[in-house]
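So the structure is just underneath, and the comments pick up after that.
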2 protein chains.
Amino acid sequence: MTNQHFSTKDRILSAAEDLFAKSGFAGASLRQVTSVANVNLAAVNYHFGSKENLINELFKRRLDELTAQRTKALEQVLKESSVTLESVLEAFVAPALTLAQDRGGGQSFVRLLARAFAEQDQRLRRFVSDNYGHVLKEFAKSISALLPHLAKEDLYWRLDFVSGALTYAMSDFGMIKKPPTLTEEQHRRNAARQFVRFAAAGLRAP
Amino acid sequence: MTNQHFSTKDRILSAAEDLFAKSGFAGASLRQVTSVANVNLAAVNYHFGSKENLINELFKRRLDELTAQRTKALEQVLKESSVTLESVLEAFVAPALTLAQDRGGGQSFVRLLARAFAEQDQRLRRFVSDNYGHVLKEFAKSISALLPHLAKEDLYWRLDFVSGALTYAMSDFGMIKKPPTLTEEQHRRNAARQFVRFAAAGLRAP
DNA sequence: CTACTATTCAAACACTTGTTTCATACAGTT
DNA sequence: AACTGTATGAAACAAGTGTTTGAATAGTAG
């Protein structure tokens, strides 16, 4: 039926992304997933081995792309002659917002990411931190260099707040809805601008 | 055995708070809850009617207290002659941090709150917003009055970021762990101070 | 074609889920 | 003392869970 021209694996991943974002990892069953994906129930265990492994592959698929784009954007910024706090933050948030707006299920994934952080589940948190923590460290280092007068402890607190603000805002639980007058592209740019201004000011707090 | 001097209802609520925070609403079963609470399985349905209703009562118990304290703190602040952005933010965050540090399961509840926001589940979100939205509006109004030059649209974005920063940071104080040299009380005050500084600066961003 | 592997499918597996039932125990009242 | 409503208990309920099985089907290389 739907997406019949995508592979079984991809259809499972997309359906799982949607349903896990909607109902949580425990809340969505493999029967729901395979039903939406138009795939036999056994296909999940055949292609992914287990439900838990499906979840990991799901994160891998998106995060590999996200961290690659973030790394590229940061490198680009650091190459310029005048590196500003705003430009570093922009390099961090722009790829995420692009993903959040991607038509191919990226929206669901961003919500899934927020959920993963809310999960106390240590396995998933370790998986994310092990595989993608180094990028975050790169950003932290760049930001630290731009705020030489800021005590390390203060910096850590504020980076924490910044992460929270971004995670929360991106998964659009927030009040902010795209007004009909704006295109998605404009809304995305607007969100990025708002976030960068807020985060930069917060990081520079006296 | 444990907490035998608490009522069955209270023991269920406490155990549920812990387990739901740890594993999510779908992830923790009533059998786990009743086992931890040292209570018969049927007691949940007897005292609360259903699992869903148990969840609601759980939120009610904590949020009633939290919103009451926030309202009181805000009124106190607004009574003073010089109301600052910092003092309003302090009134908002202090009760939450007190709760987050409460020994009687408040820590779990705060994590639960973060999880509830991550839930796409509309029933729970409506329950929270219906019953406790008015307090948030009060704070938004007070903050708006203190930032007369800020466009409404900008204000909404920034309040969104502030909520995110707080939710995320509170849900287990993010990366920030209490150093052993500090008492919990000191750590709490520190967190509040850090948050207020960050949020105030972000809200005042040029 | 044949042989072979990779994939799909329906059915079953063993187990857990929230909820209900009904018998039992324990108050407090008359 | 018997009666009453509240609370607890063990057991069962139907439905849903992730996973496994073994046969049926494509699809491909020799």
Side-chain angles (χ1 to χ4, degrees), chain A residues 1-59 61 112 115-116 119-121 123-124 127, chain B residues 1-61 112 115-116 119-124 127:
Chain A
M1 296 300 214
T2 342
N3 298 331
Q4 205 69 4
H5 44 96
F6 286 103
S7 76
T8 300
K9 252 181 126 163
D10 278 338
R11 274 183 293 156
I12 292 176
L13 282 171
S14 295
E17 206 163 49
D18 268 9
L19 287 169
F20 287 154
K22 230 174 263 167
S23 319
F25 301 115
S29 73
L30 293 186
R31 278 169 180 81
Q32 292 178 264
V33 170
T34 52
S35 164
V36 167
N38 245 295
V39 164
N40 187 273
L41 168 61
V44 171
N45 288 280
Y46 177 77
H47 285 284
F48 297 95
S50 69
K51 181 179 187 178
E52 184 176 334
N53 203 260
L54 165 64
I55 295 174
N56 283 352
E57 295 248 16
L58 214 154
F59 274 88
R61 179 174 74 154
L112 205 59
R115 194 184 277 277
E119 302 271 340
Q120 170 98 342
D121 191 325
R123 286 169 302 129
L124 192 54
F127 176 81
Chain B
M1 287 317 204
T2 342
N3 298 330
Q4 205 69 5
H5 43 97
F6 286 103
S7 75
T8 299
K9 252 182 124 162
D10 278 337
R11 274 183 293 156
I12 292 176
L13 282 171
S14 295
E17 205 164 49
D18 269 8
L19 288 168
F20 288 153
K22 230 174 262 166
S23 318
F25 301 114
S29 73
L30 292 186
R31 278 170 180 80
Q32 292 177 266
V33 170
T34 53
S35 164
V36 168
N38 245 293
V39 164
N40 187 272
L41 169 61
V44 172
N45 287 280
Y46 178 78
H47 285 284
F48 297 95
S50 68
K51 182 180 187 177
E52 184 176 334
N53 203 259
L54 165 64
I55 296 174
N56 282 352
E57 295 249 16
L58 213 154
F59 275 87
K60 204 163 122 48
R61 180 174 74 155
L112 206 59
R115 194 185 277 276
E119 301 272 341
Q120 172 98 337
D121 191 324
Q122 298 298 353
R123 286 168 302 128
L124 190 55
F127 176 81

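Keep in mind that the numbers below use all heavy atoms, side chains included, and drop hydrogens, waters and symmetry copies. Treat the numbers as computed from the prediction; the structure is a model and nothing was measured.
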Can you check whether B:Ala28's main-chain N or O pairs, donor with acceptor, with B:Lys22's side chain at less than 3.5 Å? no
Under 4.0 Å between a side-chain nitrogen and a carboxylate oxygen: does that hold for A:Lys9 and A:Glu57? no
So, is A:Thr8 close to the C:dT8 phosphate, meaning a side-chain N or O under 4.0 Å from OP1 or OP2? yes
Measure from NZ on B:Lys51 to C1' on C:dT17 and round the result to the nearest Å. 8 Å
In Å and rounded to the nearest 0.5 Å, what is the CZ to CD1 distance from B:Phe25 to B:Ile55? 5.5 Å
Can you measure A:Asn53 atom CG to D:dG18 atom P for me and round it to whole angstrom units? 15 Å
Looking only at side-chain atoms of A:Ala42, point me to the closest of D:dT19, C:dG18, C:dC9. C:dC9
So, the side chain of B:Thr34 versus the backbone of B:Arg31: is there a donor-acceptor pair under 3.5 Å, distance only? yes
Please classify the nucleic acid contact of B:Ala43 as base, sugar-phosphate, or nothing, using heavy-atom distances under 4.0 Å. nothing
Starting at CZ of A:Phe48 and ending at C1' of D:dT20, how long is that distance when rounded to a whole Å? 18 Å
Nearest-angstrom distance from the residue atom CG of A:Leu41 to P of C:dT7: 18 Å
Using 0.5 Å steps for rounding, measure from the CG atom of A:Leu19 to the OG atom of A:Ser14. 11.0 Å
Let's see if you can work this out: which of D:dA7, C:dT7, D:dG9 has an atom nearest to the side-chain heavy atoms of A:His47? C:dT7
Please report the distance, rounded to the nearest Å, between CD1 in A:Ile55 and C1' in D:dT19. 15 Å
Please state how far atom CD1 in B:Ile12 lies from atom C1' in C:dT19, giving the value in whole angstrom units. 14 Å
Quick check for you: among C:dC9, D:dT17, D:dT8, whose closest atom lies nearest to any side-chain atom of A:Asn40? C:dC9
Out of C:dG18, D:dT6, D:dG9, minimum distance to the side chain of B:Tyr46 belongs to D:dT6
Proximal nucleotide (of C:dT19, D:dT19, C:dT17) relative to the B:Ser50 side chain: C:dT19
Ignoring backbone atoms, establish whether B:Ser29 has a side-chain N or O less than 4.0 Å from OP1 or OP2 of C:dT17. yes
Quickly work out the B:Leu30 CG to C:dG18 C1' distance and round it to whole Å. 6 Å
Of the listed D:dT17, C:dT8, C:dT20, the closest approach to the B:Asn45 side chain comes from C:dT20
Among C:dA12, C:dT8, D:dT8, the one nearest any side-chain atom of A:Arg31 is C:dA12
